[in-house]
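Read through the structure below, which is laid out as structure tokens, and then see the notes.
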Amino acid sequence: MEKIFNNTQIAFSLKSDTELDRAYFLFKLIANEPLVKIGTAVTNFALKAHLPVEGLIRATVFDHFCGGTTEEDCLTVVDKLFTKKVSSVLDYSVEGKEEEAQFDAALQMTLKTIEFAKERLAIPFAVFKPTGFGRLKLYEKIGEKQPLTPDEEAEWGRVVNRFDTVCKTAHDKDVALLIDGEESWMQDAADELVEAMMEKYNTQKAIVFNTLQLYRWDRLDYLKKLYERASTKGFYIGMKLVRGAYMEKENIRAEEKGYPSPICASKQATDENYDLTVRYMMENLNRMAIFAGTHNEESSYKLIQLMQDYGIEKQDNRIWFGQLYGMSDNISFNLAENGYNVAKYLPFGPVRDVMPYLIRRAEENTSVAGQTSRELNLLKTERQRRKLDNH
Ligand SMILES: Cc1cc2nc3c(=O)[nH]c(=O)nc-3n(C[C@H](O)[C@H](O)[C@H](O)COP(=O)(O)OP(=O)(O)OC[C@H]3O[C@@H](n4cnc5c(N)ncnc54)[C@H](O)[C@@H]3O)c2cc1C
């Protein structure tokens with residue numbers, strides 16, 4: 001198959017020379033694992049101590065990985081990306097808030113982004129995180145089938161209502177809604193709730209999408225069982241397929257508590273699990289829709305190949321490719337240029353509140369995690385290409 005992702009001219013067509021240099025510098029910095037570790041600790045301390053570091057964060061990682069501090073800020077980026085046919089998913093990335101008022105605020109923000117999506121072709125999906133709508137411990141308790149106190153019963157009722165409000169709105173406005181996957185110990189309760197939403201609102205097509213983290217070895221079986229239920233009950237399955245972002249946390253907890261890790265035994269096993277699941281969904285596309293959230297070139301090529309094998313149109317609305325803003329532009333822009341459906345997650349929120357998100361990105365881009373060398377090589381290639389062009 002033609003290797004379309006190597007075209008750096010298309011990948012960075014929206015970046016000025018200065019922006020290209022800034023991205024190169026940034027990835028050079030976060031390639032250094034000890035620096036990321038120290039930087040993370042110092043930044044967290046500085047934010048807690050109310051030291052004026054927000055400007056520095058904004059000028060570096062924040063502006064590279066986020067669309068702005070508010071949803072309105074993001075619209076400039078949304079429009080710019082769409083000039084190259086790359087769509088956006090506005091992602092309110094405030095994390096770690098555990099109060100009712102904040103859950104309600106997240107609900108209101110998600111409703112607002114559904115409204116934004118309704119009005120704009122450039123925003124095909126809305127998204128939210130289950131822990132944005134309820135306490136992680138509560139999900140965990142429900143997942144473990146522990147009895148709830150009357151207060152917790154009422155609290156869970158409010159979580160269910162928040163889910164139902166956004167899913168119903170998404171359905172009524174015909175905007176697809178992605179629901180992120182998080183730690184495995186909260187995921188059972190979230191899955192059950194999302195399944196109920198799919199059954200209720202995915203009667204004509206996939207509107208509500210759950211997430212499968214394919215670093216978990218049990219997910220393909222889970223999907224197969226869900227498919228049986230969906231076929232019997234007559235609803236559609238929307239799934240975002242990712243590898244998963246909490247591997248270290250998962251392994252540490254499993255070891256501490258003495259249960260088998262839910263994570264595949266090796267990177268290769270995760271990759272195989274990802275590919276098998278994509279294939280399974282393609283085989284059952286009559287009842288499914290895929291949002292392939294990955295920066296892995298091989299996985300993306302394989303999905304392109306499967307689309308060709310099954311005679312699926314590039315613009316078929318049941319298949320979307322997704323990357324994060326600030327990463328893997330070579331995949332996003334070249335896919336869009338070649339006519340595929342592509343959307344980038346565009347995170348936004350107050351600088352200090354999106355820190356957990358930014359720290360995850362910095363960590364997955366260290367030299368150890370291995371993403372950076374590819375980003376750096378691409379940026380280097382494009383800088384050289386432009387230099388040669390100017391001579
Ligand atoms: C649009 C989008 C949406 C996303 N939404 C979510 C979400 O809802 N929930 C979530 O958790 N993450 C989400 N992510 C993050 C995603 O999980 C990470 O970006 C992803 O893990 C990176 O993997 P990759 O597919 O890009 O490919 P690669 O870089 O090829 O894979 C890296 C991943 O492989 C897995 N892995 C690495 N080493 C091992 C090992 N030794 N054993 C087993 N597995 C290993 C890990 O998951 C690691 O992150 C999303 C990403 C995108 C692009």
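Read the numbers this way: they start at 1 and go in the same order the structure lists the ligands and their atoms. Since this is a predicted model, take the numbers as computed values, not measurements.
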| query | So is there a nitrogen or oxygen of A245 less than 3.5 Å from a nitrogen or oxygen in ligand 1? | reply | yes
| Taking only residues two or more places apart in sequence, or in another chain, which ones meet Q108 in a side chain to side chain contact (heavy atoms under 4.5 Å, CB included)? | L111
| field | Identity of the nearest option to atom 23 (O) of ligand 1, non-hydrogen atoms only, from E183, R243, R216 | value | R243
| Counting from 1, what ligand 1 atoms have a heavy atom of D180 closer than 4.0 Å? | 8 (O)
| message | Tell me whether N202 contacts the main-chain N or O of F235 through its side chain, where contact means a donor paired with an acceptor under 3.5 Å. | response | no
| request: Run the numbers on M307 and E313 for side chain to side chain contact (heavy atoms under 4.5 Å, CB included), then give the verdict. | output: CA-CA 7 Å; M307 288 172 76; E313 299 273 330; over 6 Å; no
| task | Taking atom types as modelled, find out whether N251 and E255 have a side-chain donor-acceptor pair closer than 3.5 angstrom. | result | no
| Taking the six-membered ring for Trp, is the centroid-to-centroid distance between Y139 and W185 below 6.0 Å? | no
| task | Would you confirm whether S328, through its side chain, and I331, through its main-chain N or O, come within 3.5 Å as a donor-acceptor pair? | result | no
| Residue selection (non-hydrogen contact nearest atom 28 (P) of ligand 1) among K267, M247, E298 | K267
| request: Would you mind running through ligand 1 and noting each atom that sits below 4.0 Å from a heavy atom of G322? | output: 1 (C), 53 (C)
| task | Give the atoms of ligand 1, by number and element, whose distance to some non-hydrogen atom of N296 is under 4.0 Å. | result | 26 (O), 27 (O), 30 (O)
| request: Out of T211, N251, T270, indicate the one that has the non-hydrogen atom closest to atom 43 (C) of ligand 1. | output: T270
| Would a distance-only check, ignoring hydrogens and angles, find a side-chain to backbone donor-acceptor pair under 3.5 Å from D73 to T69? | yes
| said: Looking at ligand 1, is there an atom of it that comes within less than 4.0 Å of some heavy atom belonging to K240? | reply: yes
| request: Can you see which heavy atom on R352 is nearest to which on L47, and at what distance? | output: NH1-O, 3.2 Å
| message | Using a 4.0 Å cutoff against the non-hydrogen atoms of C264, which atoms of ligand 1 qualify? | response | 42 (N), 43 (C)
| note | One finds that the ligand 1 atoms under 4.0 Å from a non-hydrogen atom of Y345 are 1 (C), 3 (C)
| Nearest non-hydrogen atom to atom 26 (O) of ligand 1 belongs to which of E248, H295, K129, R360? | H295
| query | ligand 1 and E182, any nitrogen or oxygen pair closer than 3.5 angstrom? | reply | no
| message | Centre-to-centre under 6.0 Å for F65 and Y357, is that the case here? | response | no
| field | Co-members of the apolar cluster containing Y325 [side chain, <4.5 Å] | value | I10, L14, L75, V77, V78, L81, V86, L90, Y92, V94, M109, F116, I123, F333, L346, F348
| Counting from 1, what ligand 1 atoms have a heavy atom of Q213 closer than 4.0 Å? | 9 (N), 10 (C), 11 (O)
| Out of curiosity, is F291 lining ligand 1, as in a heavy atom under 4.0 Å away? | yes
| request: Output the list of atoms in ligand 1 that are nearer than 4.0 Å to some heavy atom of S266, sorted by atom number. | output: 40 (C), 42 (N), 43 (C), 44 (N)
| said: So if I count the atoms of ligand 1 from 1 in the order they appear, which ones are less than 4.0 Å from some heavy atom of Y246? | reply: 11 (O)
| Taking N or O atoms only and a 3.5 Å limit, does R361 qualify as a polar contact for ligand 1? | no
| What about the rings of F321 and Y340, do their centers lie closer together than 6.0 Å? | yes
| remark: Candidates P130, S261, G244, A265; heavy atom nearest atom 46 (C) of ligand 1 found on G244
